[in-house]
Enquirer: 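Pasting a structure below so you can have a look.
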Amino acid sequence: MTIQELEQCIALYGKDIYSFCIHLTNEKESADDLYQDTFLEAMKKIADIRYRENPKSYLLSIALRLWRNKIRKKAWRNRIAPQISEESVVDISDAKQEELLNHLIYDEEKQNLWKAIDHLKDNFRIPLLLYYMEELPISEIAGLLSIPQGTVKSRLHKARKQLEKELEVYFS
C-alpha cells in the first residue's frame, strides 16, 4: 500500500473506524487515542496492508489488537494500584420543550442499549459491534477474531439473547 492509498482509506473508512473506536472504548478521549494509534500503526505496517483486499478489515483488526493490549495493561496496573474513574457530565442544549423531551427519551433509550451492550463479555460484544456497527460479514469477523464462522454465529445469537433479556426489564 502507498501513502496515497492509506489517505484514501482514511477518507473512506475513517468515520467507521472512529465510530468503532468510540464504541469499543466507551469514552471520547480514549477513542481519539485509539483512532490515532490505529493509523500510526498502519503507517508502520503500510507494506503489509493490501489495498485491494479490504483494508477496512485490516484497520479494524489493528484497532482491536491495540485496544486489547491497552485493556491488558490497564488490568495489570489496576492490580497494582486501582484507579477511580470520573463520571462525565451530560450537556443538554437549549431546545424547545418538546424537542428536549424527545431528545431525553432518545438519549435514555440509547444509553440503556449501550449499557446493556457494555455489560456483555468481550467475546460477545466485539462480534456484535463488528456485525451491526461495521456491517462486516460473518466470514470477515471470523477472520478478524481468528475463530470459526459457527462460533461467530453462536456468539451473535447469545449476545442478542442476553441483550433481549437485559432490555426486557426496561421496555416492559
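Here the structure is a predicted model, which is why all the values come from computation and not from measurement. What you see below is based on every heavy atom in this structure, not just the backbone, and it leaves out hydrogens, waters and symmetry mates.
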Enquirer: Residues two or more places apart in sequence or in another chain: which of them pass side chain to side chain donor-acceptor pair (under 3.5 Å) with E164?
Expert: none
Enquirer: How long is the span from the CD1 atom in I62 to the OG1 atom in T38, to the nearest 0.5 Å?
Expert: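 With rounding to 0.5 Å, CD1 (I62) is 7.0 Å from OG1 (T38).
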Enquirer: Measuring only between side-chain heavy atoms, which start at C-beta, is L136 closer than 4.5 Å to Y131?
Expert: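 No. Closest side-chain heavy atoms not under 4.5 Å.
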Enquirer: How long is the gap from OG on S19 to CG on L129, to the nearest 0.5 Å?
Expert: 9.0 Å
Enquirer: With sequence neighbours excluded, give me every side-chain hydrogen bond (donor to acceptor under 3.5 Å, both in side chains) pair touching residues 139-156.
Expert: N54-E140
Enquirer: Taking ring pair (Phe, Tyr, Trp, His ring centres under 6.0 Å) as the test, write out the residues that go with Y18, two or more places apart.
Expert: Y35
Enquirer: If I take atom CD from residue E29 and atom CD1 from residue I22, how far apart are they, to the nearest 0.5 angstrom?
Expert: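 Interatomic distance, E29 CD to I22 CD1, rounded to 0.5 Å: 10.0 Å.
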Enquirer: How far apart are the C-alpha atoms of E134 and Y13, what are their side-chain angles, what is the distance that settles it, and do they pass the side-chain contact (heavy atoms from CB on, under 4.5 Å) test?
Expert: CA-CA 10 Å; E134 299 305 324; Y13 310 123; over 6 Å; no
Enquirer: Please name the pair of heavy atoms, one in L24 and one in A63, separated by the smallest distance, quoted to 0.1 Å.
Expert: CD2-O, 4.4 Å
Enquirer: Determine, step by step, whether K70 and L34 satisfy the side-chain contact (heavy atoms from CB on, under 4.5 Å) criterion, reporting the C-alpha distance in whole Å, the side-chain angles of both residues, the deciding distance to 0.1 Å, and the verdict.
Expert: CA-CA 9 Å; K70 190 173 189 175; L34 181 59; over 6 Å; no
Enquirer: Using the rule that Ile, Leu, Val, Met, Phe, Trp and Tyr join whenever any side-chain heavy atoms are under 4.5 Å apart, tell me whether L40 and I17 fall into a single cluster.
Expert: no
Enquirer: Rounded to the nearest 0.5 Å, what separates atom NZ in K28 from atom CG in D33?
Expert: 10.0 Å
Enquirer: Please lay out, stage by stage, how L12 and K56 fare under the test side-chain contact (heavy atoms from CB on, under 4.5 Å).
Expert: CA-CA 9 Å; L12 290 172; K56 179 181 178 182; over 6 Å; no
Enquirer: Rounded to the nearest 0.5 Å, what separation is found between the CD atom of E135 and the CE atom of M133?
Expert: 10.0 Å
Enquirer: Please report the shortest heavy-atom distance between P148 and A142, naming the atom on each side.
Expert: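 Heavy atoms of P148 and A142 come nearest at C-CB, 4.0 Å.
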Enquirer: Could you list the residues that satisfy side chain to side chain donor-acceptor pair (under 3.5 Å) with E27, not counting sequence neighbours?
Expert: S30
Enquirer: Over all heavy atoms of both residues, which pair between L59 and A42 is shortest? Give the atoms and the distance, please.
Expert: CD2-CB, 3.7 Å
Enquirer: Are L145 and L64 close enough that some pair of their side-chain heavy atoms sits under 4.5 Å apart?
Expert: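 Side chain of L145 against side chain of L64, heavy atoms only: contact under 4.5 Å found.
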Enquirer: In chain order, what residues pass the side chain to side chain contact (heavy atoms under 4.5 Å, CB included) check against L113, with sequence neighbours excluded?
Expert: I117, L167
Enquirer: For residues 118-128, which side-chain N or O atoms pair as donor and acceptor with protein atoms under 3.5 Å away, sequence neighbours left out?
Expert:
{"from": "D118", "atom 1": "OD1", "to": "N26", "atom 2": "ND2", "distance (Å)": "3.2"}
{"from": "H119", "atom 1": "ND1", "to": "K115", "atom 2": "O", "distance (Å)": "2.8"}
{"from": "H119", "atom 1": "ND1", "to": "E166", "atom 2": "OE2", "distance (Å)": "2.8"}
{"from": "D122", "atom 1": "OD1", "to": "R125", "atom 2": "NH2", "distance (Å)": "3.0"}
{"from": "R125", "atom 1": "NH1", "to": "H23", "atom 2": "O", "distance (Å)": "3.3"}

Enquirer: Roughly how far, to the nearest 0.5 Å, is the SG atom of C21 from the CG atom of D37?
Expert: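 Here the interatomic distance stands at 9.0 Å.
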